S.K.: 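Supplied in structure tokens, the structure appears directly below.
In this text, all values refer to a predicted model and were calculated from it rather than measured experimentally. Every chain is numbered from 1, with letters handed out A, B, ... down the list of sequences.
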Amino acid sequence: MRELATFEERLSAWTTETMAELFSLDETAGNLGVTPTNNEKFGDYQCNAAMELARTLKTAPRQIAQDFIDKAIVPEFIEKMEIAGPGFINIFIRNAALAEYLESIEQDEHLGVPQAGEGKTVIIDYSSPNVAKPMHIGHIRSTVIGNAIDRIYRFLGYHVIADNHLGDWGTQFGLMMVGFRSFVDKHALAEAPVEELERVYVASYNKSKEDESWREEAKKELVKLQQGDEENLALWKQFIELSIEEFNIIYDRLGVKFDLYRGESFYNKQLPGIIQALEEKGLAKESDGALIVDLEEDGMPICIVRKSDGGYNYATTDLATVQSRMAEFQPERIVYVTDERQQLHFKQFFTIAGKLGMNANLVHVWFGLMRLPEATFSTREGNVIKLAQLLDDAEERALEMVKASSPEMPAEEQKELARAIGIGAIKYTDLSQNPQSLVTFTWEKALNMEGNSAPYLQYAFARISSVYDKYHVLYPETDLSDCSINIEHEIERRLAIKLGRFSAAVIAAASNYRPNILADYLYELSQIYSSFYQNVPFLKAEEGTRESRIRICRITASVLKQGLNLLGIETPDRI
RNA sequence: GCCCUGAUAGCUCAGCUGGAUAGAGCAACGGACUUCUAAUCCGUAGGUCUCAGGUUCGAAUCCUGAUCAGGGCGCCA
């Protein structure tokens, strides 16, 4: 077992091993480990194996539990065990052991979180907006959730490659070309490039609906682009550059960094090879002029890999992308973060990748589409909320609160603080929900700064920092690391238990690709801390108790800071 | 028509691989700032976990069916 194993890990190993030995069981006996209790009166961890084993052992569950307690060699970190209800084994951890564990995670730069990913590469494909379209609130989920997964995997020791798979290729560029040449407003382009590009696109799109020759023209320009026409290529590159520049402004504000910006076009050269491989393996066939892969035996509709006009599809590009990534990076897995609408597409192309023998571990992490209370938003409806606007509003709202609570603070500092708080609030709103649930966007929710929100967590952190600083002013000579942790108060104990579960929260968030598990954990931790803060004195406590509590504060601060950092949320020292 | 999701307090949402009386926040009501930051804390109230079956010692959680809602299903990505 790893050095800094949690109580849960140690207990589970112990109960599983001991049960197996005492009752001569093999590994198939089911779950013999422990889980955290959800009520303190049942102890800290519970083992439910006795009920499960009752049938196979033909013994009453309480008797099994009793036998276990009587015969097992109990580790010294256990205070006591109790049998309750139908046969639960409730386990209580010794306070001294708890204190010892806290001290050990404090020494560890990863706060007890195992480096499970060492030597493994993971590619995470997220955000991936389309070129020439401004990011709106629909893009925030992929970006924020993807980035949290990115950070969490890095913290677990994985070598993460964050790849922004831009939508930089496709039929829309024909319309873009003709539209741009006819009615771009140079002034507007300089002011807000992507917004202007989008306006151009929408105008061109609308015209194409009525004007057939316009459509023809667009098609011609698209073909020219695909054939490498220099002028069109230059224009296309300009669209991309302008877009990336503007996306980066948003990414900077959100604290998101990518290792790669490889758009779909990056894989163009490989597309014919993919088609060839599909044909060679007998996977593709003609149908109505298009080339398709029949997936009926896999219970899925057919997948088009080459259109009847000879153009390639999304699926083909994605296959080429996998091939390229596998060859270049040999990732242990590739994770895609997109909205729910693409579930079928990913299932299809994962299946085809398997049939092609790509031998890649592909994961699709999907999240519910963002909706507005009135309806689904769409560019055509004109009811989109721009991401930049959302961030501005959040910062503004936070600034009002900062001004109200810290009027003496210099304006520059107020602004900086409001930025961290506003952006944090926006991110947290998305991260604290199960990604797969449907999300209805409301300003009220997005800008929430009270209760279960990022500012609540930031506030808890800031209060700790403040206490800690004050302690050092009052007792500059004391080295806290020389002072022992003593768990006395009930709320202190709850805090200690919770702190010990940080690594479990991080691991669960990673393996389920659900940052909300970590967000939940941090919120609960902050709640306990806030209660601790409000109800127990530390600076005014007696010597000894005081140092112990300040030390617990320090560990709480480390966990909060690290945890929030994994969600991409900043932790100002003052708020 | 077929497939994928979801339905939990008035509202917004948690509830991990089945475990003990289903939890938060907001809103409501009642308390706590001469005391470590009240963006906080303490308390009250609020539930037939959509419905009907099934599996199980044990179901909000797993299975089947129904209802409602969202999404997807050959040349968009």
S.K.: Hey, does the side chain of A/K445 come within less than 4.0 Å of B/C11's phosphate (OP1/OP2), counting only N and O?
M.R.: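 Answer is no, no contact under 4.0 Å.
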
S.K.: Starting the side chain at C-beta, find the nucleotide from B/A39, B/C41, B/A14 nearest to A/N535.
M.R.: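 Of the options given, the side chain of A/N535 lies nearest B/C41.
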
S.K.: Go through the steps for A/F346 and A/Y336 under the test ring-ring contact (aromatic ring centres under 6.0 Å, His included), then give the verdict.
M.R.: CA-CA 9 Å; A/F346 278 101; A/Y336 300 82; 5.0 Å; yes

S.K.: Identify which nucleotide among B/A20, B/C36, B/C75 has an atom closest to any side-chain atom of A/I304, counting heavy atoms from C-beta outward.
M.R.: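 Nearest to the side-chain atoms of A/I304, counting from C-beta on, is B/C75.
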
S.K.: Answer with yes or no whether A/S308 presents, from its side chain, a donor or acceptor under 3.5 Å of a partner atom in the base of B/C75.
M.R.: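 By the distance-only test, yes, there is a pair.
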
S.K.: Mind listing the closest non-hydrogen atom pair of A/I275 and A/V305 along with its distance?
M.R.: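 Scanning both residues, the minimum pair turns out to be CD1-O, 3.6 Å.
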
S.K.: Measure NE2/A/H345 against P/B/C4 and give the value in whole Å, please.
M.R.: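 For the pair A/H345 NE2 and B/C4 P, the rounded distance is 19 Å.
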
S.K.: Check the distance between B/A39's C1' and A/Y428's OH and give it to me in whole angstrom.
M.R.: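 In whole Å, B/A39 C1' and A/Y428 OH are 14 Å from each other.
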
S.K.: Can you figure out which of B/C41, B/G19, B/A39 approaches the side chain of A/Q534 most closely?
M.R.: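 Between B/C41, B/G19, B/A39, the one nearest the side chain of A/Q534 would be B/C41.
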
S.K.: Think A/R546 forms a cation-pi with A/Y475, using NZ or CZ under 6.0 Å from the six-ring centre and within 45 degrees of its axis?
M.R.: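 Yes.
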
S.K.: Among the candidates B/C75, B/C26, B/C36, find the nucleotide nearest to the side-chain atoms of A/K307.
M.R.: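 The nucleotide sitting nearest to the side chain is B/C75.
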
S.K.: Between A/N90 and B/A20, does any side-chain N or O lie under 4.0 Å from OP1 or OP2?
M.R.: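 Answer is no, no contact under 4.0 Å.
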
S.K.: Under 4.0 Å, heavy atoms only, any strand: does A/D318 hit a base, just the sugar-phosphate, or nothing?
M.R.: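 If one applies the 4.0 Å heavy-atom cut-off, A/D318 turns out to touch nothing in the nucleic acid.
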
S.K.: When you compare the ring of A/Y533 with the six-membered ring of B/C36's base, are the centres less than 5.5 Å apart and the planes under 30° from each other?
M.R.: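 Ring-base stacking flag not set for A/Y533 and B/C36.
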
S.K.: Base, sugar-phosphate or nothing for A/D168? Non-hydrogen atoms, less than 4.0 Å.
M.R.: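 The answer is nothing, as A/D168 stays clear of every strand by at least 4.0 Å.
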
S.K.: Please produce a list of atom pairs where a protein N or O lies less than 3.5 Å from an N or O of nucleotides 27-31 of chain B.
M.R.:
none

S.K.: Using a 4.0 Å heavy-atom cut-off, does A/A504 contact any base of the nucleic acid, only the sugar-phosphate backbone, or nothing at all?
M.R.: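 Since no nucleic acid heavy atom lies under 4.0 Å of A/A504, the category is nothing.
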
S.K.: Checking all strands, does A/A290 fall into the base, sugar-phosphate, or nothing category for heavy-atom contacts under 4.0 angstrom?
M.R.: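 Base: the residue A/A290, judged by heavy atoms under 4.0 Å, touches a nucleobase.
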
S.K.: I need the CD1-P distance between A/I83 and B/A20, as an integer number of Å.
M.R.: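 These atoms are roughly 18 Å apart.
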
S.K.: How is A/A54 classified with respect to the nucleic acid when contacts are heavy atoms under 4.0 Å: base, sugar-phosphate, or nothing?
M.R.: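 No contact at all - A/A54 keeps every heavy atom at 4.0 Å or more from the nucleic acid.
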
S.K.: What is the separation between atom CG on A/N434 and atom C1' on B/C13, rounded to the nearest whole Å?
M.R.: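 For the pair A/N434 CG and B/C13 C1', the rounded distance is 10 Å.
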
S.K.: Applying a 3.5 Å limit to both distances, which nucleotide forms a Watson-Crick or G-U wobble pair with B/U21?
M.R.: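 In the structure as shown, B/U21 has no Watson-Crick or wobble partner.
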
S.K.: For A/I517, which contact category applies under a 4.0 Å heavy-atom criterion: base, sugar-phosphate, or nothing?
M.R.: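 Nothing, no nucleic acid heavy atom in range.
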
S.K.: For A/V293, report the nucleic acid contact type (base, sugar-phosphate, nothing); a contact means any heavy atom under 4.0 Å.
M.R.: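 Touches nothing.
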
S.K.: State whether A/Y459 places a side-chain N or O below 4.0 Å from either non-bridging phosphate oxygen (OP1 or OP2) of B/U37.
M.R.: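 So the side chain of A/Y459 is outside the cut-off, no N or O lying under 4.0 Å from OP1 or OP2 of B/U37.
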
S.K.: B/A20 base stacked by A/F88? Criteria: ring centres under 5.5 Å, plane angle under 30°.
M.R.: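 Stacked: ring centres under 5.5 Å, planes under 30°.
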
S.K.: Could you state the atom-to-atom distance from CD of A/Q348 to C1' of B/C3 in whole Å?
M.R.: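 Checked: the CD to C1' distance equals 11 Å.
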
S.K.: Side-chain N or O of A/R463 less than 4.0 angstrom from OP1 or OP2 on B/A38?
M.R.: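 Yes.
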
S.K.: Taking the side chain of A/L344 as heavy atoms from C-beta outward, which of B/C76, B/G72, B/G74 is closest to it?
M.R.: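 Within the option list, the nearest is B/G72.
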
S.K.: If you find the nucleotide of RNA chain B closest to A/I292 and the one closest to A/R574, which residue's nucleotide is nearer the 5' end?
M.R.: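 Final value for this comparison: A/R574.
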
S.K.: Counting only Watson-Crick or G-U wobble pairs whose two distances fall under 3.5 Å, which nucleotide matches B/A28?
M.R.: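 Checking every strand shown, B/A28 finds its partner in B/U44, with both distances under 3.5 Å.
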
S.K.: For A/E524, answer base if it contacts any base atom (sugar-phosphate contacts may also be present), sugar-phosphate if it contacts only those atoms, and nothing otherwise; contact means non-hydrogen atoms under 4.0 Å.
M.R.: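 The answer is nothing, as A/E524 stays clear of every strand by at least 4.0 Å.
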
S.K.: Can a cation-pi geometry be assigned to A/R501 and A/Y45, taking NZ or CZ under 6.0 Å from the six-membered ring centre and within 45° of the ring axis?
M.R.: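 Yes, a cation-pi geometry.
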
S.K.: What's the CG-P distance between A/N452 and B/C26, to the nearest Å?
M.R.: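 Distance check: A/N452 CG to B/C26 P gives 9 Å.
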
S.K.: Looking only at side-chain N and O atoms, does A/Y314 come under 4.0 Å of OP1 or OP2 in B/A77?
M.R.: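 No, A/Y314 has no side-chain N/O under 4.0 Å of OP1/OP2 on B/A77.
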
S.K.: Among A/F461, A/Y529, A/Y523, A/Y428, find the residue that satisfies the ring pair (Phe, Tyr, Trp, His ring centres under 6.0 Å) test when tested with A/Y456.
M.R.: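 Output: one option passes, namely A/Y523.
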
S.K.: Describe the nucleic acid contact of A/P537 in one word from base, sugar-phosphate, nothing, applying a heavy-atom distance below 4.0 Å.
M.R.: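 The residue A/P537 makes base contact.
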
S.K.: Measure from OH on A/Y456 to P on B/C13 and round the result to the nearest Å.
M.R.: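 A/Y456 atom OH is separated from B/C13 atom P by 21 Å.
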
S.K.: Using side-chain heavy atoms (C-beta onward) and a distance below 4.5 Å, is A/L344 in contact with A/P301?
M.R.: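 Heavy-atom side-chain distance check passes, below 4.5 Å.
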
S.K.: Can you check whether A/N313 has a side-chain N or O nearer than 4.0 Å to OP1 or OP2 of B/C76?
M.R.: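 Negative; the distance criterion is not met.
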
S.K.: For a quick check of understanding: with a heavy-atom distance under 4.0 Å over all strands, which category does A/E264 fall into, base, sugar-phosphate or nothing?
M.R.: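 Sugar-phosphate contact only.
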
S.K.: Less than 3.5 Å apart, any donor N or O on the side chain of A/D168 or A/S265 sitting next to an acceptor on the other?
M.R.: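 A/D168 vs A/S265: donor-acceptor pair found between side chains.
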
S.K.: For B/C2, give its Watson-Crick or G-U wobble partner with both distances under 3.5 Å, or none.
M.R.: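 Pairing partner: B/G72.
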
S.K.: Indicate yes or no: at least one non-hydrogen side-chain atom of A/F239 is less than 4.5 angstrom from one of A/L197.
M.R.: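 In short, these two side chains touch, coming nearer than 4.5 Å.
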
S.K.: Using a heavy-atom cut-off of under 4.0 Å over every strand shown, decide if A/S466 touches base, sugar-phosphate, or nothing.
M.R.: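 Here A/S466 touches the bases of the nucleic acid.
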
S.K.: Taking the side chain as everything from C-beta on, heavy atoms only, tell me whether A/W236 gets closer than 4.5 Å to A/M177.
M.R.: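 Yes, side chains in contact.
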
S.K.: Quickly work out the A/L539 CG to B/C36 C1' distance and round it to whole Å.
M.R.: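 One finds 4 Å between C1' of B/C36 and CG of A/L539, rounded.
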
S.K.: If we count only N and O atoms by modelled type, under 3.5 Å, do the side chains of A/E547 and A/Y471 hold a donor and an acceptor together?
M.R.: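 On atom types as modelled, these side chains qualify, holding a pair under 3.5 Å.
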
S.K.: Need the pair for B/A14. Rule: Watson-Crick or G-U wobble, both distances under 3.5 Å, any strand; none if unpaired.
M.R.: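 Check on B/A14: unpaired, no WC or wobble geometry under 3.5 Å.
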
S.K.: Any side-chain N or O of A/K347 less than 4.0 Å from the OP1 or OP2 oxygen of B/C3?
M.R.: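 Negative; the distance criterion is not met.
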
S.K.: Determine which nucleotide pairs with B/A52, using a 3.5 Å limit on both distances of a Watson-Crick or G-U wobble pair.
M.R.: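 Its partner is B/U64.
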
S.K.: Is the closest side-chain heavy-atom distance between A/Q46 and A/I89 below 4.5 Å?
M.R.: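 No, too far: nothing below the 4.5 Å cut-off.
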
S.K.: Mark this stacking check for A/Y523 against B/A24 as yes or no, applying ring centres under 5.5 Å and ring planes under 30°.
M.R.: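 Stacking is absent between B/A24 and A/Y523, given that the ring centres and planes do not meet under 5.5 Å and under 30°.
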
S.K.: Name the nucleic acid region contacted by A/V402, choosing base, sugar-phosphate or nothing; use a 4.0 angstrom heavy-atom cut-off, strictly under.
M.R.: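 Counting heavy atoms under 4.0 Å across all strands, the contact made by A/V402 includes a base.
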
S.K.: Looking at A/S531, does any N or O in its side chain come under 4.0 Å of the phosphate oxygens OP1/OP2 on B/C42?
M.R.: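 Looking at the OP1 and OP2 atoms of B/C42, one of them is under 4.0 Å from a side-chain N or O of A/S531.
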
S.K.: Quick check: any donor-acceptor pair below 3.5 Å linking the side-chain of A/K470 to the base of B/U37?
M.R.: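 Absent.
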
S.K.: Distance check: side-chain N/O of A/S437 vs OP1/OP2 of B/A14, anything under 4.0 Å?
M.R.: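 So the side-chain polar atoms of A/S437 do come within 4.0 Å of the phosphate oxygens OP1 or OP2 of B/A14, strictly under.
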
S.K.: Using OP1 and OP2 only, check whether a side-chain N or O of A/S405 sits under 4.0 Å from B/A39.
M.R.: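 Answer is no, no contact under 4.0 Å.
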
